There are 2 protein chains.
Amino acid sequence: MRPPHQDVPEATLRRLPIYYRCLQDMMAAGVVHVVSCADLARALGLDATLVRKDIEMTGIVGKPRVGYPLEDLVRWIENFLGLNRPKAAVLAGTGSLGSALMGYGKFRTHGMQIVAAFDIDPEKIGQPVHGMEVQPLFCLPDFVRNTGTPLGLIATPAGAAQSVADLMVSGGIRAIWNFAPAHIRVPRRIILQNEDLYYSLASLSFKLEHLMTVAPVESDLYVKNN
Amino acid sequence: MRPPHQDVPEATLRRLPIYYRCLQDMMAAGVVHVVSCADLARALGLDATLVRKDIEMTGIVGKPRVGYPLEDLVRWIENFLGLNRPKAAVLAGTGSLGSALMGYGKFRTHGMQIVAAFDIDPEKIGQPVHGMEVQPLFCLPDFVRNTGTPLGLIATPAGAAQSVADLMVSGGIRAIWNFAPAHIRVPRRIILQNEDLYYSLASLSFKLEHLMTVAPVESDLYVKNN
DNA sequence: TAGATTGTTAATCGATTAACAATC
DNA sequence: TAGATTGTTAATCGATTAACAATC
């Protein structure tokens with residue numbers, strides 16, 4: 001029962017879900033019932049020691065010479081990440097993106113359940129979106145307070161993001177998942193995760209221009225001359 | 001004209017777009033026309049030296065004692081990341097997410113333009129989505145080949161993601177931006193960027209359970225006892 | 001027993017931070 | 001000139017990789 005549960009590196013936190021999906025796929029395939037770090041590393045093109053360290057963070061104890069029982073490992077990661085304990089979430093903004101988020105049915109089995117949706121547009125308020133009635137935005141803080149909802153999703157236009165974040169914070173939200181293309185500021189105690197497509201696009205754009213040329217031989221020579 | 005344009009750290013590539021947006025906001029506010037690394041660092045809660053190193057990667061030369069002309073800096077980052085040279089992109093999958101992506105009008109001014117949309121559903125083919133006629137999926141490879149489109153977006157269900165990726169690769173795509181919740185494999189030369197919400201959700205879930213308690217004093221004592 | 005794999009400790013590598021010299 | 005900020009080099013820190021001992 002080793003894990004400190006503190007200082008789990010961000011990088012580990014990014015990789016564990018990848019292992020999780022890969023292991024689930026293996027389980028679905030049903031070919032093997034035990035998996036070693038080397039197996040996982042090979043499947044994902046990673047270093048085996050890195051995989052082992054990551055997996056150790058979950059606290060599971062494996063069997064030398066054998067590996068980890070596939071199903072056990074899946075459960076440990078699931079439990080470690082909390083994917084089996086869905087967090088309630090409120091959604092602000094029911095445009096195309098917000099609506100798409102509500103349609104992601106599998107969020108519930110992956111740690112989150114959207115329990116209410118809010119919008120400022122009178123035309124949308126009262127209308128059902130994916131079977132849930134849209135509520136007026138000003139009701140959001142009270143809803144968060146009264147239900148103790150820990151997580152808020154922002155899927156508004158950029159201009160509204162900061163004020164919506166403030167509303168969430170005023171209601172006592174603990175974490176914000178921001179999909180609006182805007183930089184928002186929140187108190188230090190709030191967990192903020194930005195899912196900004198423009199940020200992703202920027203690095204993709206760079207790579208496409210610069211990294212992409214795994215150049216043919218002549219060009220390689222040219223490059224070396226620099 | 002210093003930058004190697006090779007080995008730009010991933011971390012730098014993630015932060016530059018953040019600076020870019022912040023600087024644009026400053027420009028819009030119009031209060032200042034010159035900015036120092038310390039200014040930027042303060043605005044974003046980062047270390048000033050870190051900001052300077054990142055900015056140096058773009059190759060811009062600043063003035064000691066003064067800083068960087070705001071507009072110049074914006075242009076340098078923009079040019080460095082290639083945001084001013086839109087890349088053509090094809091979209092596969094025109095469900096709610098794909099449709100939302102097509103609706104992101106500002107992609108064009110941020111490095112990407114969706115030039116064609118594909119789907120396998122006969123009901124969607126031929127229909128317009130955001131003013132663009134959906135084409136049958138089997139036409140995708142030829143389209144990519146004939147137009148030299150460098151970038152492919154996958155917004156299909158998980159089950160279809162790998163085969164769509166294969167189609168894109170067969171057409172000669174150079175980069176794939178994958179929004180489907182699935183692990184896909186591509187040849188090493190292809191740039192692959194995953195935008196997997198389940199991965200993000202997993203780390204958010206963990207933080208919500210474990211990191212969130214910036215605990216009151218008694219709890220702090222308790223934690224120390226571990 | 002022999003050998004493969006885990007668990008753990010040490011070495012390496014890269015990114016961040018700190019220190020300082022150059023300069024407007 | 002004095003001082004703030006850039007540009008650059010050195011120190012620190014953390015994550016990855018390598019080495020090895022423990023174990024089934």
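Remember, predicted model here, so these are calculated numbers, not experimental data. Computation of the quantities below employed the complete heavy-atom set of this structure, encompassing side-chain atoms and omitting hydrogens, waters and symmetry-equivalent molecules. By convention in this document, chain letters (A, B, ...) are assigned in the order of the sequence lines, proteins followed by strands, and residues within each chain are numbered from 1.
- Here C:dT17 presents its C1' atom at 6 Å from CG of B:Asp47, a figure rounded to the nearest Å.
- Mapping A:Arg15 and B:Lys63 onto DNA chain D via the closest heavy atom, the residue that lands nearer the 5' end is B:Lys63.
- Looking at B:Glu56 and B:Lys53, no side-chain N of the basic residue comes within less than 4.0 Å of a carboxylate O on the acidic one, giving no salt bridge.
- Rounded to an integer number of Å, the gap from CG of B:Leu13 to C1' of C:dG14 is 16 Å.
- Candidate nucleotides C:dT6, D:dT6, C:dG7 were compared by shortest atom distance to the side chain of A:Val61, and C:dG7 ranks first.
- Within the 4.0 Å cut-off from OP1 or OP2 of C:dT23, not a single side-chain nitrogen or oxygen of B:Arg65 is found.
- Looking at which nucleotide of DNA chain C each of A:Asp39 and B:Thr49 is closest to, the 5′-most match is held by A:Asp39.
- Following rounding to the nearest Å, A:Asp54 (CG) and C:dT8 (C1') show an atom-to-atom distance of 15 Å.
- Judged by Watson-Crick or G-U wobble contacts below 3.5 Å, the nucleotide C:dT23 has D:dA4 as its partner.
- Atoms CZ (B:Arg52) and P (C:dA22) sit 16 Å apart, rounded to a whole Å.
- In this structure, B:His210 and A:Phe80 approach most closely via the heavy-atom pair NE2-O, 3.6 Å.
- Using a 4.0 Å cut-off between charged nitrogen and carboxylate oxygen, A:Asp39 and A:Arg42 count as a salt-bridge pair.
- Residue A:Tyr68 has no polar side-chain atom (N or O) positioned under 4.0 Å from OP1 or OP2 of D:dC24.
- Rounded to an integer number of Å, the gap from NZ of B:Lys53 to P of D:dG7 is 12 Å.
- Ion pairing of B:Glu10 with A:Lys207 is present here, as a side-chain N (NZ or NE/NH1/NH2) and a carboxylate O approach within less than 4.0 Å.
- If you take CE of B:Met57 and P of C:dT16, they are 11 Å apart, rounded to a whole angstrom.
- Between the CD atom of B:Glu56 and the C1' atom of D:dT5 there is a distance of 12 Å, given to the nearest Å.
- Summarising the geometry, the separation between CZ on B:Arg42 and C1' on D:dA4 is reported as 12 Å, rounded to the nearest angstrom.
- Looking at the side chain of B:Pro9, the nearest of the listed nucleotides C:dT5, C:dT16, C:dA15 is C:dA15.
- Base pairing analysis places C:dA18 opposite D:dT9; the two distances defining the Watson-Crick or G-U wobble pair are each below 3.5 Å.
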